[in-house]
Novice: 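Got a structure for you, written out below as structure tokens; questions coming shortly.
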Amino acid sequence: MTLTDTSVSTGSVSTGTVSTGSVSTRVADLVSRMTLDEKLAQLVGFWVDQGDEVVAPMAGEMASSTVYADATVHGLGQLTRVYGTRPVDPIERAAWLWNEQRRLVRETRLGIPALVHEECLTGLAAWQAAAFPTPLAWGAAFDPGLVERMAALIGESMRALGVHQGLAPVLDVIRDPRWGRVDECIAEDPYVVGVLGTAYVRGLQSTGVHATLKHFVGYSASQAGRNHAPVHAGPREIADVFLPPFEMAVRDGGARSVMNSYAEIDGMPVAATPAYLTGILRDEWGFGGTVVSDYFSVAFLETMHAVARDRGEAAQLALEAGIDVELPTGDAFGAPLAARVRAGLVDLEIVDRAVQRVLTQKEELGLLDATFDDPPQSIDLDSAAHRAVARRLAEESVVLLSNDGVLPLTSPSRVAVIGPNADSAEALLGCYSFVNHVLAHHPETPMGLDIPTLAASLVDELPDAAVTVVRGCEVEGEDRSGFAEAESAARAADVVIVAVGDRAGLFGRGTVGEGNDVLSLELPGVQRELVERLVATGVPVVLVVLSGRPYAIDWALSGESAVAAAAQAFFPGEEGGRAIAAVLSGTVSPSGRLPVSLPRSAGAQPFTYLHPILGGPNDITSADSTPALPFGHGLTYTSFAREGLRVAREVTAGGAFTATVRVRNTGQRAGTDLVQLYARDVHGSVTRPVAQLLGFVRVDLGAGDEATVDFDVPTARLAFTGRGGERMVEPGTVELWVGPSCAERETEAVVEIVGDLHRVTAADERLVRPTVGRRRQADAAAPSDR
């Protein structure tokens with residue numbers, strides 16, 4: 001496909017023009033009876049509680065002066081974050097919401113209620129609602145089924161409170177961990193992002209809540225990892241890296257809403273680019289839902305991108321590009337757009353197009369028939385079911401980076417728990433958790449959740465040990481006054497557990513999160529120095545990194561400052577303290593794997609394991625980009641052997657093949673292996689990555705057990721954008737391997753793709769489907785290829 005606006009080829013899958021969805025007789029009749037003011041009222045949100053709290057970029061500068069009563073005279077498209085802007089009692093707020101919806105139904109001319117949207121990335125962003133692990137932790141768990149179950153629980157809470165649309169998942173592919181919003185992302189591999197993101201969409205939408213894919217497209221490729229910075233990605237990178245997760249979530253997950261990216265790509269703001277929001281999303285992929293603006297992004301076309309002279313022109317550009325709803329308020333789609341339509345500068349047909357989409361969404365959600373007679377009288381937003389899923393996902397996401405044998409802990413009598421994140425509940429939660437997103441502005445309000453810290457969890461997990469807790473230092477700052485107490489506690493202990501890392505927040509309030517981008521990937525403040533001082537005591541030190549991004553901690557993995565063991569936990573949520581404690585004690589065997597390469601330094605960024613030959617180390621540069629630990633790495637408390645990878649010699653381009661591998665637990669205790677199938681396209685008409693994850697599956701095995709894993713692989717998993725701008729599968733030799741990470745080829749095979757070049761269409765399978773068949777080691781004789 002060609003982006004006609006820019007004369008740049010995207011290389012996206014081309015399926016021809018696809019209908020964006022039919023309009024019902026009811027919707028068509030409503031639109032025909034609406035005045036212009038009533039139409040535009042359906043295309044905007046209103047932020048009832050917008051105040052001094054900064055929970056969106058430039059919220060203070062962009063605050064609307066519109067009075068709510070005036071904004072709803074002609075109806076209203078969406079209500080913005082009625083639960084998630086300030087701490088409100090959920091039942092009391094629901095009573096207000098039901099009353100307000102009844103007012104819209106009974107007192108506006110057409111009686112159309114508002115759609116209510118909320119943030120829900122790590123759980124419903126509302127006071128007292130469960131706080132699940134951050135998306136980087138989903139990536140580390142590599143468990144789509146569990147992510148789908150989590151999303152269903154989130155959706156059930158939202159639907160019970162009258163929320164219809166969730167602003168999640170984030171499908172941005174990680175390219176540079178200096179970017180603060182890495183906290184919200186799943187992985188550096190687009191397939192992993194697509195599989196887990198699609199699972200989230202299915203779970204949320206199974207409850208009748210529409211998922212909103214964020215941020216379409218290219219947002220995470222911002223220059224130097226700076227939020228809202230320009231993006232310089234080429235059309236092939238956009239097509240092969242950034243678009244596939246969204247395509248999967250639309251085509252395979254049936255996502256009903258998409259949010260535009262703030263980014264400008266090669267000088268063109270996405271919010272004003274029809275080729276992305278209409279050409280690819282609707283015409284090629286057949287998306288029939290609504291496109292909502294990221295907060296204030298329509299106005300940003302004037303104020304930050306300077307491609308519009310005023311708000312009216314900004315509204316026109318966004319509407320023509322394909323944005324249907326302006327969030328969080330109607331500063332551009334309201335009066336400025338109305339004036340432009342009345343002046344004959346905007347075709348009324350594009351207004352009607354957006355109104356039809358909005359009303360169709362409301363019809364799908366049952367809003368056009370809702371009476372709002374029965375607000376909820378009681379609700380448990382953090383039930384035992386929420387807790388169980390939060391705990392399991394947290395346990396599965398802990399990545400054991402190194403271990404000299406000190407773990408699992410074997411009945412230590414004296415344990416020193418040290419560090420700024422050791423006894424902090426906030427340190428377990430991501431940027432978009434209600435606690436860090438909103439309650440940080442309301443210190444007088446109780447947390448509303450039981451969130452045991454790591455220190456408290458270790459006290460419970462190790463009942464026979466004397467546990468001493470010392471802070472040592474803060475997450476940020478240069479204060480070393482607590483070092484002496486920390487060293488003294490360490491010397492008196494059998495083992496030291498030091499918890500360091502991040503504090504999530506927004507726009508400078510924290511070390512990671514939206515607007516908290518960094519120039520260095522060293523641990524913030526004096527945390528590294530604290531760890532080194534503890535290692536120098538000679539007492540075994542277990543490093544626990546609680547963070548929203550990977551840090552450059554190679555110094556802690558080898559050399560004089562090496563710790564005895566290191567574990568990475570990406571903001572594991574309300575049950576994260578208990579989960580980490582259980583992994584350290586050995587009650588739970590670690591099974592997480594790195595969803596992003598562990599960086600060597602900020603100077604090696606941006607880096608991805610999906611690099612071509614020239615993107616890796618070589619003899620003609622002294623700068624080494626090799627990560628400290630590779631994508632897919634993670635240790636366990638047992639050992640696994642992957643053997644006998646088998647595949648047919650040939651497969652026709654456009655067809656599929658089966659790769660079979662045997663996995664054995666060769667250790668003394670049960671464990672979980674993440675079986676990872678990688679490929680390398682040896683020669684291509686354009687450069688290809690040196691490694692590409694094709695498929696993955698978690699396999700639980702007892703000591704001595706083995707399993708055979710079959711990966712059914714469509715050759716479309718090896719598709720790429722060719723020189724002509726079309727995605728295709730090219731004949732040639734493909735190396736396959738299975739190993740404990742992308743960097744280790746434990747067992748290998750080769751398949752030859754034959755036949756004619758295959759152009760990928762919507763009919764091509766996008767998923768690799770694994771099948772696990774277990775059998776005891778003592779069963780049938782081993783295959784001859786053992």
Side-chain angles (χ1 to χ4, degrees), residues 1-23 27 43 171 190 194 198 201 210-218 233-261 263 265-266 268-293 316-325 346-361 364 716 719 721-722 724-728 759-764 766:
M1 171 192 168
T2 299
L3 293 182
T4 54
D5 323 30
T6 62
S7 299
V8 177
S9 168
T10 67
S12 301
V13 176
S14 178
T15 59
T17 301
V18 180
S19 170
T20 56
S22 59
V23 176
V27 167
L43 306 186
L171 300 184
T198 299
V201 169
H210 284 182
T212 302
L213 312 181
K214 299 172 17 176
H215 305 85
F216 189 77
V217 61
R236 184 167 288 105
E237 184 178 4
I238 294 293
D240 291 351
V241 175
F242 296 109
L243 286 176
F246 290 94
E247 182 182 7
M248 292 172 68
V250 168
R251 283 184 156 152
D252 301 324
R256 300 303 299 145
S257 180
V258 171
M259 175 179 281
N260 74 281
S261 162
I265 301 175
D266 194 24
M268 297 187 58
V270 172
T273 306
Y276 292 118
L277 300 178
T278 299
I280 293 173
L281 186 60
R282 295 191 185 277
D283 295 342
E284 293 197 8
W285 296 351
F287 175 71
T290 57
V291 175
V292 300
S293 77
Q316 180 175 352
L317 289 172
L319 193 65
E320 290 176 344
I323 290 179
D324 302 310
V325 180
V346 175
D347 191 337
L348 188 59
E349 287 187 4
I350 66 167
V351 174
D352 289 351
R353 179 184 69 181
V355 176
Q356 288 171 351
R357 292 169 182 166
V358 167
L359 294 181
T360 297
Q361 182 183 24
E364 289 176 359
T721 301
E726 292 182 294
R727 282 183 61 80
M728 62 185 192
R759 289 177 173 80
V760 176
T761 71
D764 282 278
R766 283 169 289 278

Novice: Report the C-alpha distance between Thr290 and Asp324 in whole Å, list the side-chain angles of each, state the deciding distance to 0.1 Å, and finish with yes or no for side chain to side chain donor-acceptor pair (under 3.5 Å).
Specialist: CA-CA 6 Å; Thr290 57; Asp324 302 310; 5.4 Å; no
Novice: Do Val270 and His215 pass the side-chain contact (heavy atoms from CB on, under 4.5 Å) test, and can you show the C-alpha distance, the side-chain angles, and the key distance before you say yes or no?
Specialist: CA-CA 10 Å; Val270 172; His215 305 85; over 6 Å; no
Novice: Tell me, please, which residues at least two apart from Arg766 pass side-chain contact (heavy atoms from CB on, under 4.5 Å).
Specialist: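 Glu247, Met248, Arg251, Asp252.
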Novice: Could you check Val291, Ile265, Asn260 and say which one makes a side-chain contact (heavy atoms from CB on, under 4.5 Å) with Tyr276?
Specialist: Ile265
Novice: Minimum heavy-atom separation for Val217 to Ala263, with atom names?
Specialist: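 Shortest heavy-atom contact: O-CB, 4.4 Å.
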Novice: For the residue pair Ser257 and Val292, establish whether any side-chain heavy-atom pair is separated by less than 4.5 Å.
Specialist: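 Yes, at least one pair of side-chain atoms sits under 4.5 Å.
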Novice: Restricting to non-hydrogen atoms, name the atom on Pro190 and the atom on Asp240 that form the minimum distance, rounded to 0.1 Å.
Specialist: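 Heavy atoms only, the tightest pair is CG-O, 4.2 Å.
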Novice: To the nearest 0.5 Å, what is the distance between CZ (Arg727) and CG (Leu243)?
Specialist: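 Going from CZ on Arg727 over to CG on Leu243, the span is 9.0 Å.
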Novice: If you take all heavy atoms of Val27 and Val23, which pair is closest and at what distance?
Specialist: CG1-CG1, 3.4 Å
Novice: According to salt bridge (Lys or Arg N to Asp or Glu O under 4.0 Å), who are the partners of Asp352, at least two apart in sequence or on a separate chain?
Specialist: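 Partners of Asp352 under the salt bridge (Lys or Arg N to Asp or Glu O under 4.0 Å) test: Lys39.
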Novice: Determine whether a donor-acceptor pair (N or O, by modelled atom type, separation under 3.5 Å) exists between the side chain of Arg282 and the backbone of Phe287.
Specialist: yes
Novice: Quick one: does any side-chain atom of Arg236 pair with a main-chain N or O of Val241 as donor and acceptor, under 3.5 Å?
Specialist: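 Checked: no pair found.
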Novice: Measure across Gly322 and Thr278 and return the closest heavy-atom pair with its distance rounded to 0.1 Å.
Specialist: CA-OG1, 3.7 Å
Novice: Hey, is the main chain of Ala275 close enough, under 3.5 Å, to the side chain of Thr273 for a donor-acceptor pair?
Specialist: no
Novice: How about Leu171 and Phe242: do any of their side-chain heavy atoms sit closer than 4.5 Å?
Specialist: no
